[in-house]
Amino acid sequence: MALLAATPTAQTLAEQASSGDTRAAAQLLRLLAPGMLRTAHALLGRAHPDVDDVAQQSMIALVQALPSFRGECTPAHFANSITTRFALAARRRQATRSARTDDAVEVDGLFSEVRSAVDHVLAERRRAVIQELLGTLPEVQAETLALRVVLGLSLGEVAAATQVPLNTVRSRIRLAKEALMARIEADPALLELLEPTP
Amino acid sequence: MTAPDLHPEELLDRAASGALSVDERARLDAHLAVCPACRFELQARADFAALPDVAPQVDDLVTRALAGLPQRAPPVRRRPPVAMVAATLVLVGFSSLAALRLAPALAAMLGLSRPVSVAPSPPPAVAPVARRPARPPPEAGLPPPEAPASDDAPQRVVGVEPPLNEHAAGPQRKSPPPLSPSPTPTTQPPLPLISVPVTVDEQPTADALFRAATRARTGGNREEAERLYRELAARFPASEQAVVAHAVLGRLLLDLGRPAEGLRELEATLDGGPSALREDALAHRALALDAMNDPRAGAAWGQLLAEFPESIHARRARERLEALSPP
């Protein structure tokens, strides 16, 4: 995923920033912020009232956490994993207070100049199913599934970003997929959202 | 429905990066044929990857984030063990030494004339941030962990600590949050009306009109978007784009406080629209009727529940039905 591609520049900036280089910290934040905001949008939907706050809080947390960053993953993955946790927490808060969230059918997501309109509706519905599922899973499973499906990280990248063993990542993904399977079984109409099997 | 317990995650990774060999492709295809969860994951990955970038807001957010960094050092400057950092760094609002050193200088570098005040200890979940002036006060950042961490992730650097037992918790079949109760604006401040240049060819296609309408709408020019959606629906009534245009226009009009007009568009969506749009259109049709105090609202919510009992709007529908039922 191009958005998350690690660059030597980001790594270098992270090292400099973690040692107190203010200019490097500012540059790093500007470099990583688009990906963080995109992550917040992907997890919450663009119309979610907390999306900017989540991005903003995540950026603050990133700068605060830099001294503990040991380079086990890329700075972009580190930043986006922080955003993922904030976004999932925001989603839970919203579920708790039963506030507005029709982002699952968000209008903005319906459009693109690339695919047909109906394809985009289907894509939006699939995203909505994942977003809804993330709000019901235990946190660590939700985080793992989000990093993998929403941010497109590989198994190894998820393990590095969450600092857990690879087998733990596998276990969490398996459990999350069981929940996804249960969701599909409960609503077979969701199968209509899928493209034909190869 | 039967599906294998083991999912070929490595193959899914390689498929996502386009690195599958012919043999691997065949193995993955065989699995996908019997595993809807993996098919869903694979397609959802592509769906999320296709989301557009959102760069324009970044500078403002970065500036506000930097302004919101803590300004004062904590009384204890000893670095805690890594596990303690993991548990507390972000969630408990611990201000790391470097961040504290960085904050004032960063703010100055960005030309912030005065530092943004932050909450003293005991800290909230996350240090308060400089916020948009029109927004209400935040809840306290990330909520505190609901349970102490005993997960297998003792070295998490930052983040929300997991519940006690992820396996025991299992998938909770919570109802999703409800739909907007009425076609009223969200808590977001209104977007500035931006005049977006909208150009359509002299002989526009359905796709060109659709794109132009989308550009107008996302650019804040809702009047132009409405005009273009209507033109699309009138010129190309049998096109896929027209079906979606009816649905989007219905929501747009609902948001603009014109539920009667929105209702007509939503009903046009329901007349022959694809099933993927039907659930959403039914929900918004019910909302429109609610907004009009139309006695058909109850039946509309009931229809939504009857056709889509697992709908993401189901909870809202049940609440409305209960509210609308006679005492």
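Note on naming: letters A, B, ... go to the chains in the order of the sequence lines (proteins, then strands), and numbering restarts at 1 for each one. Please read these numbers as outputs of a predicted model, since none were measured by experiment.
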Open item on the list: Between Glu9(B) and Arg148(A), does any NZ, NE, NH1 or NH2 come within less than 4.0 Å of an OD or OE carboxylate oxygen?
Closed with: yes

Task: Electrostatic pair Glu10(B)-Arg170(A), nearest N-O below 4.0 angstrom - done: yes

- [ ] Would you sort out whether Arg127(A) and Asp47(B) count as a salt bridge (charged side-chain N to carboxylate O under 4.0 Å, His left out), showing the intermediate values?
- [x] CA-CA 7 Å; Arg127(A) 283 193 289 263; Asp47(B) 297 333; 5.0 Å; no

Open item on the list: What I'd like to find out is whether the side chain of Gln131(A) reaches to under 4.5 Å of the side chain of Phe48(B), using heavy atoms alone.
Closed with: yes

- [ ] Would you mind reporting whether Cys35(B) and Lys177(A) have side-chain heavy atoms less than 4.5 Å apart?
- [x] no

Exercise: identify the closest heavy-atom pair between [X] and [Y]:
X: Ile130(A); Y: Ala44(B); value: CG1-CB, 3.8 Å
X: Ala37(B); Y: Leu180(A); value: O-CD2, 3.6 Å
X: Arg45(B); Y: Gly152(A); value: NH1-O, 4.4 Å
X: Asp13(B); Y: Leu153(A); value: OD1-O, 4.2 Å
X: Ala50(B); Y: Arg38(A); value: N-NH2, 4.2 Å

Task: Ala16(B), part contacting chain A, at a heavy-atom distance under 4.5 Å - done: neither

Task: Nearest-0.5 Å distance, CD1 of residue Ile173(A) to CD of residue Glu41(B) - done: 7.0 Å

- [ ] Supply the atom-to-atom distance Phe40(B) CZ to Arg183(A) CZ, rounded to the nearest 0.5 angstrom.
- [x] 8.0 Å

Task: Which atoms of Ala55(A) approach chain B - backbone, side chain, both or neither, heavy atom under 4.5 Å - done: side chain

